[in-house]
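Here the structure is laid out as structure tokens; the discussion comes afterwards.
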Amino acid sequence: PVGGVRDAAAAAPLPATTSPAEEMVLPRPSRLGGVGGVASGFPHTGEGAVAQLADIDQTVLSTMRPEVARRTYQDWALPGGVGADDWILTVHVESFQDALARAGLSSPMVTATPAAGMVTASDGPNWVIACVLIDVRATLRAEARLGWGHCERMQWSDGRWQIAPG
């Protein structure tokens, strides 16, 4: 069954390699400020799925606001997923905000820039596992920088790439 194949693909570790991967050129969106302010209109290709996930991640991480994470999940996830409160980006953004509050700090200026991406699995043109590496920089008193990787099941539905259930 499709669910079993997709679940196995999602549970598999990322491919281990010692050689450089083939360069992936991400397409540009055809619509800026689409659903929930996230750019959209990426092509019906694996690269399009990676680009869509990159823009979803960039929208959420550049604000570091839990309500933006929840709304973005609701706007971009198909039914049957983990839900907005349990989505990994919501959890991480809430943790970030909690750490700031405990330290008595206000929200920093944050930038989130996609640095790399790949498709790790596919069972046809309408479903892939897309992964994105984001360069996140937060500035309070000093700049903190980290690379954050995020993979999602992405499914072509209603003419756009959306976060798939699972």
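Heavy atoms only: backbone and side chains are in, while hydrogens, waters and symmetry mates are out.
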Which residue pairs satisfy the side chain to side chain donor-acceptor pair (under 3.5 Å) criterion with at least one member in residues 66-82, sequence neighbours excluded?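 Applying side chain to side chain donor-acceptor pair (under 3.5 Å) to every pair that reaches into residues 66-82, excluding sequence neighbours, yields Arg65-Glu67, Arg70-Asp85, Arg70-Glu94.
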Search all heavy atoms of [X] against all heavy atoms of [Y] and return the closest pair with its distance.
| X | Y | result |
| --- | --- | --- |
| Pro29 | Ser40 | CB-O, 3.2 Å |
| Met154 | Ala49 | CE-O, 4.0 Å |
| Leu133 | Gly147 | CD1-C, 4.0 Å |
| Ala138 | Phe96 | CB-CZ, 4.4 Å |
| Val50 | Gly117 | CG1-CA, 3.9 Å |
| Gly46 | Val128 | CA-CG1, 4.5 Å |

Do [X] and [Y] sit in the same hydrophobic cluster, where Ile, Leu, Val, Met, Phe, Trp and Tyr count as joined when their side-chain heavy atoms come under 4.5 Å apart?
| X | Y | value |
| --- | --- | --- |
| Val38 | Val35 | yes |
| Ile88 | Val110 | yes |
| Leu146 | Val132 | yes |
| Val119 | Trp161 | yes |

Show every disulfide bond (SG atoms under 2.5 Å apart) that has at least one partner inside [range], sequence neighbours left out.
| range | answer |
| --- | --- |
| residues 61-128 | none |
| residues 35-86 | none |
| residues 50-163 | Cys131-Cys151 |

Point-to-point distance, once rounded to the nearest 0.5 Å, from CE of Met109 to OG of Ser62: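 Going from the CE atom of Met109 to the OG atom of Ser62 covers 11.0 Å.
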Distance (rounded to the nearest 0.5 Å) between Ile163 CD1 and Leu78 CG: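 That separation rounds to 8.5 Å.
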State which residues pass side chain to side chain donor-acceptor pair (under 3.5 Å) with Arg145; sequence neighbours excluded, sorted by chain then number. Asp135
Sequence-distant partners of Trp87, side chain to side chain donor-acceptor pair (under 3.5 Å), two or more places apart: Glu152
By side-chain contact (heavy atoms from CB on, under 4.5 Å), which residues pair with Asn126, not counting sequence neighbours?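 Once residues adjacent in sequence are excluded, the partners of Asn126 under the side-chain contact (heavy atoms from CB on, under 4.5 Å) criterion are His44, Trp156.
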Could you pull out all residues at least two apart from Thr45 that satisfy side-chain contact (heavy atoms from CB on, under 4.5 Å)? Pro43, Glu47
Apart from Ile129 itself, members of its ILVMFWY cluster (side-chain separation under 4.5 Å) are Trp127
Side-chain contact test, heavy atoms from C-beta onward, threshold under 4.5 Å: evaluate it for Met64 versus Leu100 and give yes or no.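 SC-SC contact between Met64 and Leu100 ruled out.
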With a cut-off of 3.5 Å and sequence neighbours excluded, list every side-chain donor-acceptor pair involving residues 52-61.
from	atom 1	to	atom 2	distance (Å)
Gln52	NE2	Ala39	O	3.0
Asp55	OD2	Ala39	N	2.8
Asp57	OD1	His150	ND1	2.7
Asp57	OD2	His150	ND1	3.0
Gln58	NE2	Ala112	O	3.0
Thr59	OG1	Asp55	O	2.9

